[in-house]
Amino acid sequence: MIKRRIKSLLKSILKSKYPQYSDLNFEIEKPRRADLGDFSTNLALILQGKIGIKPRELAENLVEELKIEPLFKKIEIAGPGFINFWINPEVYRENLKEILKKGERYGAIDLGQGKRVHIEFVSANPTGPLHIGHGRGAAYGDALARILKFSGFEVFKEYYINDRGTQMNILGASVYLRAKELSGEKIDFPKDYYQGDYIKDIAKEALRLYTDLLERKEAEAIALCRELAIKIILEDIRSDLENFRVFYDNWYSERALYEKGLLNEVLEVLREKGDLYEMDGALWFRSSLYGDEKDRVIRKASGEWTYFASDIAYHYEKFVKRGFDLAINLWGADHHGYVARLKGALKAFGIEENKLQVLLIQMVNLIEDGKLKSMSTRKGEYVELKELVREVGVDAVRFIFLSRSHDSPLEFDVELAKKQSMENPVYYVQYAHARICSLKEKAKERGLKIEEILEADLSKLGEDEEIEILKKLSEFSDVVEMSALGLSPYKIVYYLLDLAASFHEYYNKYKIISEDKELSLARLALSEGCRIVIKNGLDLLGVNSPEKM
RNA sequence: GCCCCUGUAGCUCAGUAGGAUAGAGCGCGAGAUUCCUAAUCUCGAGGUCGCAGGUUCGAAUCCUGCCAGGGGCGCCA
């Protein structure tokens with residue numbers, strides 16, 4: 001917030017003194033060292049190359065008028081030509097009042113200006129239960145949605161269900177075979193069929209529902225099994241996600257795409273452009289024209305459509321029919337080869353490729369007893385999301401999943417996540433929140449009225465630690481902005497850890513509630529400011545803020 | 001072979017669209033509770049930012065090449 005105020009001040013000076021460079025890109029940043037001010041800018045250093053005046057001289061010139069600005073306590077030129085600003089502490093105290101007033105809206109920004117964003121995430125095929133990799137995508141997509149919404153975007157969350165195609169038929173056949181097996185028939189279960197035990201459970205259910213299942217024609221029986229399997233598995237996926245506090249605005253069925261005739265419409269557009277051709281009995285899209293390394297099949301020689309075909313139609317619809325300004329897709333990193341062809345398709349439609357942001361989610365490695373737990377989807381040896389959540393809890397799983405950028409592999413230490421101690425970052429942050437709630441209780445017991453903190457005399461807050469916390473609280477919206485721009489929930493995580501640390505430290509060193517009523521109210525106001533920001537931050541991650549622990 | 005990601009303290013990771021003396025937690029060593037939640041806090045030791053060049057006032061950050069780990073290169077998803 002303050003950062004933006006400094007920037008706009010400097011911009012107007014730049015405009016009046018060097019109008020030809022008014023669009024110059026310069027930075028306002030927080031220096032690492034406290035003796036270099038609260039903020040600093042490299043403006044003069046950047047400008048020197050353009051005009052050839054010595055940077056320090058230039059800086060003097062630029063800063064002249066700013067010295068009377070009440071935002072600042074002090075301005076200095078330092079080093080090679082940095083301009084360092086010290087903020088008037090009154091500004092931070094004013095900000096605390098704003099936090100108390102705004103409450104759960106504090107930190108919200110209007111970066112998105114109502115732009116409509118579509119977020120598609122998880123979208124696991126309904127062929128088996130969600131595993132922890134899907135869980136990471138779920139936490140990431142959901143947190144992103146919350147952050148973007150808080151940043152002024154209009155967000156739509158969608159789960160795309162691949163409920164047709166070869167894999168579904170294999171699923172149906174897998175269930176059917178297991179059903180035969182259950183009724184005593186000897187079978188040979190193919191390697192590329194779905195191996196998991198859940199298939200047997202579904203087979204059992206199929207036999208119960210359709211008593212004549214095995215007397216029916218095979219194709220018919222397999223179709224019944226397929227439909228039942230999709231229904232049961234989707235229900236399971238949905239309930240896993242809801243338990244994980246992930247809710248969608250829409251579940252989009254791939255079949256619906258075909259039923260709407262969307263695919264034909266899209267193919268017509270491509271055909272007219274001459275971007276389709278037949279070869280070896282298959283239908284190809286000339287994705288190589290649009291940056292892909294080769295052309296891709298959209299209808300196999302067998303006559304079946306590939307998933308790519310549906311995806312083209314689906315994304316065409318996202319932009320052209322549904323009018324989203326931005327679409328964010330979260331995929332497993334193993335889909336990376338798929339990005340170029342999809343973006344290629346968008347280009348063919350004249351859709352700017354930056355409108356689609358594909359975030360590839362790297363692996364989750366579970367560490368148990370200090371050892372890597374190996375996972376193999378093929379053998380059905382993966383850890384299910386529900387299992388991990390049951391063991392560790394939603395809050396810890398979400399917090400840890402969100403603590404890394406999507407493009408870094410994530411090490412998940414199960415023992416650590418379960419620990420209820422300072423080593424566990426989730427508890428560390430939540431504990432700060434609970435502690436402040438307990439402080440408020442205590443204050444009430446001592447006859448202080450919590451409502452009075454709104455009128456507290458904040459000039460009592462003068463200790464270094466207090467100013468430090470005030471500053472951090474004022475940075476929250478900057479963190480939200482960076483987090484939204486970078487599509488990076490982990491920045492919120494690190495900020496919260498930092499803020500919680502500052503609060504714990506402060507709490508340990510100073511008495512919040514004392515005999516001095518005015519001072520107590522001021523410190524309670526500061527504590528409440530911390531609580532609000534921690535709560536707002538945790539909300540963005542979908543993590544609870546307990547009042548007692 | 002080609003493409004993507006990663007490489008910073010013993011371990012797990014930050015490092016804000018190149019900035020001023022590289023940061024945190026854990027682990028290790030030493031301490032703090034008659035007192036608001038010790039699920040906390042304080043102090044200390046710990047670094048050739050994978051390697052080599054380049055770009056410039058300035059590089060952990062950008063470019064090139066190499067090394068190591070992971071993933072991907074299907075008419076599979």
Side-chain angles (χ1 to χ4, degrees), chain A residues 3 25 27-33 35-36 40-42 45-46 48-49 55 78-82 84 124-125 127 162 165-167 170 192 279-284 293-294 296-304 306-308 311 332-340 360 362-363 365 367 370 403-411 413 416 419-428 430-432 434-443 445-446 475 478-479 481-482 485-486 488 490-491 493-494 497-498 500-501 503-514 520 523-524 527 548-549:
Chain A
K3 205 185 249 188
N25 232 351
E27 284 303 307
I28 308 291
E29 54 175 23
K30 226 182 99 183
R32 276 195 246 269
R33 283 160 49 203
D35 58 307
L36 300 173
S40 90
T41 181
N42 58 359
L45 289 164
I46 303 231
Q48 63 145 338
F82 289 101
N84 297 337
N125 287 358
T127 56
N162 290 118
T166 347
Q167 293 308 312
I170 293 174
D192 56 347
M279 189 175 81
D280 303 332
L283 184 66
W284 297 70
E293 55 188 18
K294 53 184 268 196
R296 307 289 175 176
V297 169
I298 58 179
R299 192 187 60 225
K300 305 183 215 173
S302 66
E304 281 172 283
T306 61
Y307 282 80
F308 183 40
D311 273 341
D334 53 342
H335 288 62
H336 123 263
Y338 208 80
V339 179
L360 300 173
Q362 294 288 335
M363 284 253 279
N365 295 312
I367 311 289
S403 65
R404 301 270 178 276
S405 166
H406 65 88
D407 53 16
S408 298
L410 186 141
E411 296 221 2
D413 185 328
L416 178 69
K419 267 187 206 162
Q420 307 209 345
S421 76
M422 55 180 162
E423 296 169 53
N424 187 341
V426 191
Y427 285 90
Y428 187 83
Q430 289 183 321
Y431 185 57
R435 203 171 223 185
I436 296 167
C437 290
S438 145
L439 268 176
K440 284 161 65 182
E441 281 303 309
K442 205 63 167 191
E445 281 170 29
R446 305 240 179 126
E475 287 160 18
D478 297 330
V479 175
E481 182 177 31
M482 282 192 302
L485 282 173
S488 313
Y490 76 89
K491 303 215 178 207
V493 171
Y494 281 94
L497 283 167
D498 188 40
F503 180 77
H504 286 310
E505 193 182 317
Y506 174 60
Y507 174 91
N508 239 270
K509 188 161 172 188
Y510 297 95
K511 206 102 177 93
I512 309 295
I513 302 167
S514 63
S520 300
R523 289 184 169 170
L524 280 168
S527 303
K548 280 199 169 62
M549 290 174 77

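No experiment lies behind these values; they were computed from the predicted model shown. Residue numbering restarts at 1 for every chain, and letters A, B, ... go by the order of the sequence lines.
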Is [X] reaching over with its side chain to a backbone N or O of [Y], donor-acceptor style, under 3.5 angstrom?
X: A:Asn365; Y: A:Glu411; answer: no
X: A:Thr306; Y: A:Val297; answer: yes
X: A:Ser514; Y: A:Ser520; answer: no
X: A:Asn162; Y: A:Asn125; answer: no
X: A:Thr41; Y: A:Glu27; answer: yes

Counting side-chain heavy atoms from CB outward, which of [options] is closest to [X]?
X: A:Tyr338; options: B:rA14, B:rC36, B:rA77; result: B:rA77
X: A:Glu505; options: B:rC41, B:rC13, B:rC36; result: B:rC41
X: A:Pro80; options: B:rG19, B:rG15, B:rC35; result: B:rG19
X: A:Trp284; options: B:rA77, B:rC75, B:rC36; result: B:rC75
X: A:Glu293; options: B:rG19, B:rC41, B:rC73; result: B:rC73
X: A:Lys300; options: B:rG71, B:rC76, B:rC5; result: B:rC76
X: A:Arg33; options: B:rC36, B:rU40, B:rA20; result: B:rA20
X: A:Glu27; options: B:rC75, B:rG15, B:rA17; result: B:rA17
X: A:Arg404; options: B:rC36, B:rA14, B:rC75; result: B:rA14
X: A:Asn508; options: B:rA20, B:rU40, B:rA77; result: B:rU40

### Query
CG of A:Leu283 to CG of A:Asp280: how many Å apart, nearest 0.5 Å?
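CG of A:Asp280 is found 12.0 Å from CG of A:Leu283.
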
What nucleic acid atoms does [X] come within less than 4.0 Å of, heavy atoms only: base, sugar-phosphate, or nothing?
X: A:Lys442; answer: sugar-phosphate
X: A:Leu283; answer: nothing
X: A:Lys3; answer: base
X: A:Ala333; answer: sugar-phosphate
X: A:Ser40; answer: base
X: A:Tyr507; answer: base
X: A:Tyr510; answer: base
X: A:Lys30; answer: base
X: A:Asp280; answer: base
X: A:His336; answer: base
X: A:Lys548; answer: base
X: A:Gln430; answer: nothing
X: A:Asp311; answer: nothing
X: A:Asp407; answer: sugar-phosphate

To the nearest Å, give me how far apart [atom1] ([X]) and [atom2] ([N]) are.
X: A:Gln362; N: B:rG70; atom1: CD; atom2: P; value: 13 Å
X: A:Lys419; N: B:rU40; atom1: NZ; atom2: P; value: 12 Å
X: A:Glu411; N: B:rG25; atom1: CD; atom2: P; value: 20 Å
X: A:Lys440; N: B:rC36; atom1: NZ; atom2: C1'; value: 14 Å
X: A:Lys511; N: B:rA32; atom1: NZ; atom2: P; value: 20 Å
X: A:Leu497; N: B:rU12; atom1: CG; atom2: P; value: 18 Å
X: A:Leu360; N: B:rC73; atom1: CG; atom2: P; value: 13 Å
X: A:Arg296; N: B:rG72; atom1: CZ; atom2: P; value: 15 Å

### Task
Between A:Arg446 and A:Tyr307, name the one whose nearest nucleotide on RNA chain B is closer to the 5' end.
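Final value for this comparison: A:Arg446.
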
### Query
In terms of the nearest nucleotide of RNA chain B, which residue is placed more toward the 5' end: A:Lys294 or A:Asn125?
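Its nearest nucleotide lies further toward 5', so the answer is A:Lys294.
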
### Message
Tell me the closest heavy-atom pair linking A:Leu36 and A:Pro31, and the distance in Å.
### Response
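Distance-wise, the nearest heavy atoms are O-CG, 3.4 Å.
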
### Task
Tell whether A:Asn84 reaches the base of B:rA20 with its side chain through a donor-acceptor pair below 3.5 angstrom.
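When only heavy-atom distances are counted, A:Asn84 does reach the base of B:rA20 through a donor-acceptor pair under 3.5 Å.
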
### Query
So what is the 5' to 3' dot-bracket string for RNA chain B, if pairs are Watson-Crick or G-U wobble with both distances under 3.5 Å, crossing pairs use [ ] and | means the partner sits on another strand?
(((((((..((((.....[...)))).(((((.......))))).....(((((..]....))))))))))))....

### Query
When you compare B:rG15 with B:rU61, how far apart are their P atoms, in angstrom units rounded to a whole number?
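Approximately 14 Å lies between the P atom of B:rG15 and that of B:rU61.
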
### Task
Determine, for A:Phe503 and A:Arg435, whether the Lys NZ or Arg CZ falls below 6.0 Å from the six-membered ring centre while staying within 45 degrees of the axis.
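So A:Arg435 doesn't make the cation-pi contact.
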
### Query
If we require ring centres under 5.5 Å and near-parallel planes under 30°, does A:Phe82 stack on B:rG19?
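Here the ring of A:Phe82 and the base of B:rG19 are not stacked, as the 5.5 Å and 30° limits are not both satisfied.
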
#### Entry: Validation row: A:Gln362, A:Arg404 side chains within 4.5 angstrom (heavy atoms)
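When only atoms from C-beta onward are counted, A:Arg404 and A:Gln362 do not touch, as no gap falls below 4.5 Å.
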
### Query
Which class fits the ring pair A:His335 and A:Tyr338: parallel under 30°, tilted 30 to 60°, perpendicular over 60°?
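Because their plane-to-plane angle is over 60°, the rings of A:His335 and A:Tyr338 count as perpendicular.
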
#### Entry: Short side-chain N/O contact to B:rC41 OP1/OP2 from A:Tyr428, under 4.0 Å
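Yes, A:Tyr428 has a side-chain N/O under 4.0 Å of OP1/OP2 on B:rC41.
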
